[in-house]
Amino acid sequence: MPSGFGCFRLLSRGFAVVSWLCLNWPREAAWCERSGRADGRRAPAIAVENAGAGMGEIVRGLERALLTRPVPTSEAAVRFLLKTEKGSTKNVAVLLGISQRTVQRWVTTRPGMRRRPSAAHAGLIDEAVRARWQPRVRARQRARAEADGFVLHTRARFGFAAPAGSSDDPRVRLITQYLSGEVARELFAARDAGGGEQQQMVILARALGHAYFRDGGLRAHGLGIAFTDVEFAEFSIG
């Protein structure tokens, strides 16, 4: 089994997985996957417990991969929204669901009258900007990832959930791995449906287990894959 760091085997695209996920509770969340393989064997469980400090890293990494320029923040974000709304503070106010007077205070040049957006308003601004930032670039990058796949570079706790004592036990690993367009389609579909970080981790756990440990499905059947504690996740497209 591979145990080092760095770039690993480039898999051929197009492997199909017919699966559904179930969430079991008693104390902590544990995901499981059942495959639709012709041999009828049950696929191994995938551990994606608490992501800890890495919560949200996968979603943020996907977002960064779709853009060629950073999303505007702070005053630049407000200026961007004004530009998209042809300079109308009223339209920006309607867009954000706040009063026009509030927007006017953000942009006024009158001494002592200017105000910065509150934390709550900053969240609304960021959401509105992201929805309108580089739409054509985003569409182009997504189409490329779904057609050709992507390279995932991540640092996370990853390995077989059992047995203990082998070089493939779960441990923090730095992984650079090509994943197919099918995986990209699953990730984007889950995001579009409102799926959170846990669901993204399930998708990547299955894909990385298939590519990294199972040699494209040729070995290591029946062993669970642990994928937790994601420190960062970067996606390289094209």
Side-chain angles (χ1 to χ4, degrees), residues 50-146 150-156 174-176 179 183-201 203-204 228-238:
N50 190 350
M55 181 65 73
E57 290 300 320
I58 297 171
V59 176
R60 285 194 288 268
L62 274 177
E63 180 71 14
R64 287 191 297 270
L66 293 178
L67 303 174
T68 58
R69 288 184 291 153
V71 177
T73 59
S74 190
E75 293 183 4
V78 176
R79 289 196 299 269
F80 172 75
L81 290 182
L82 278 171
K83 182 178 179 180
T84 61
E85 298 301 324
K86 301 180 179 179
S88 171
T89 56
K90 179 179 180 180
N91 289 350
V92 172
V94 171
L95 177 67
L96 299 177
I98 60 179
S99 71
Q100 182 179 4
R101 184 60 180 156
T102 297
V103 179
Q104 290 172 340
R105 290 193 182 102
W106 297 342
V107 299
T108 184
T109 58
R110 294 175 62 185
M113 296 296 293
R114 190 159 187 165
R115 298 290 183 270
R116 290 185 177 183
S118 66
H121 289 156
L124 294 174
I125 293 168
D126 182 68
E127 184 178 350
V129 170
R130 287 182 182 277
R132 289 159 178 79
W133 185 247
Q134 292 194 309
R136 294 180 182 178
V137 172
R138 293 169 63 90
R140 186 165 59 246
Q141 287 289 89
R142 175 171 177 169
R144 184 177 299 167
E146 292 182 344
F150 60 89
V151 174
L152 170 67
H153 184 57
T154 185
R155 183 175 173 87
L174 185 64
I175 299 170
T176 301
L179 296 172
V183 179
R185 290 191 293 274
E186 285 190 77
L187 289 171
F188 287 124
R191 188 200 62 176
D192 293 347
E197 189 80 352
Q198 291 284 336
Q199 188 173 355
Q200 304 283 17
M201 290 175 74
I203 294 168
L204 287 180
T228 61
D229 305 320
V230 178
E231 295 180 15
F232 68 86
E234 297 293 339
F235 298 82
S236 177
I237 300 172

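Small disclaimer: the values here were computed from a predicted structure and weren't measured.
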Flag, side chain of [X] to backbone of [Y], donor-acceptor distance under 3.5 Å:
| X | Y | result |
| --- | --- | --- |
| Arg185 | Glu146 | yes |
| Thr108 | Arg105 | no |
| Gln134 | Thr68 | yes |
| Gln141 | Ala65 | yes |
| Arg115 | Trp106 | no |
| Glu197 | Ile58 | yes |

What is the distance from atom [atom1] of [X] to atom [atom2] of [Y], rounded to the nearest 0.5 Å?
| X | Y | atom1 | atom2 | value |
| --- | --- | --- | --- | --- |
| Thr73 | Asp126 | OG1 | CG | 8.5 Å |
| His153 | Leu174 | NE2 | CG | 4.5 Å |
| Ile203 | Gln200 | CD1 | CD | 5.0 Å |
| Arg116 | Glu75 | CZ | CD | 7.0 Å |
| Arg64 | Ile237 | CZ | CD1 | 12.0 Å |
| Thr102 | His121 | OG1 | NE2 | 5.5 Å |

query: Out of Thr89, Leu95, Val103, which one pairs with Leu81 under the side chain to side chain contact (heavy atoms under 4.5 Å, CB included) rule?
result: Leu95

Can you find a heavy atom in the side chain of [X] that is under 4.5 Å from one in the side chain of [Y]?
| X | Y | answer |
| --- | --- | --- |
| Leu96 | Ile125 | yes |
| Val92 | Thr84 | no |
| Phe150 | Val183 | yes |

Can you see which heavy atom on [X] is nearest to which on [Y], and at what distance?
| X | Y | value |
| --- | --- | --- |
| Ala122 | Pro117 | N-CB, 4.3 Å |
| Ala145 | Phe188 | CB-CE1, 4.2 Å |
| Pro72 | Ala77 | O-CB, 3.6 Å |
| Gln199 | Ala190 | NE2-CB, 3.7 Å |

- prompt: Can Glu63 and Arg138 be counted as an ion pair, charged N to O under 4.0 angstrom?
  reply: yes

message: Under 4.0 Å between a side-chain nitrogen and a carboxylate oxygen: does that hold for Arg60 and Glu57?
response: yes

field: Criterion side-chain contact (heavy atoms from CB on, under 4.5 Å) on Ile175 and Leu152, from CA distance to verdict
entry: CA-CA 8 Å; Ile175 299 170; Leu152 170 67; over 6 Å; no

task: Return the orientation label for the Phe80 and Trp133 ring planes: parallel under 30°, perpendicular over 60°, tilted otherwise.
output: perpendicular

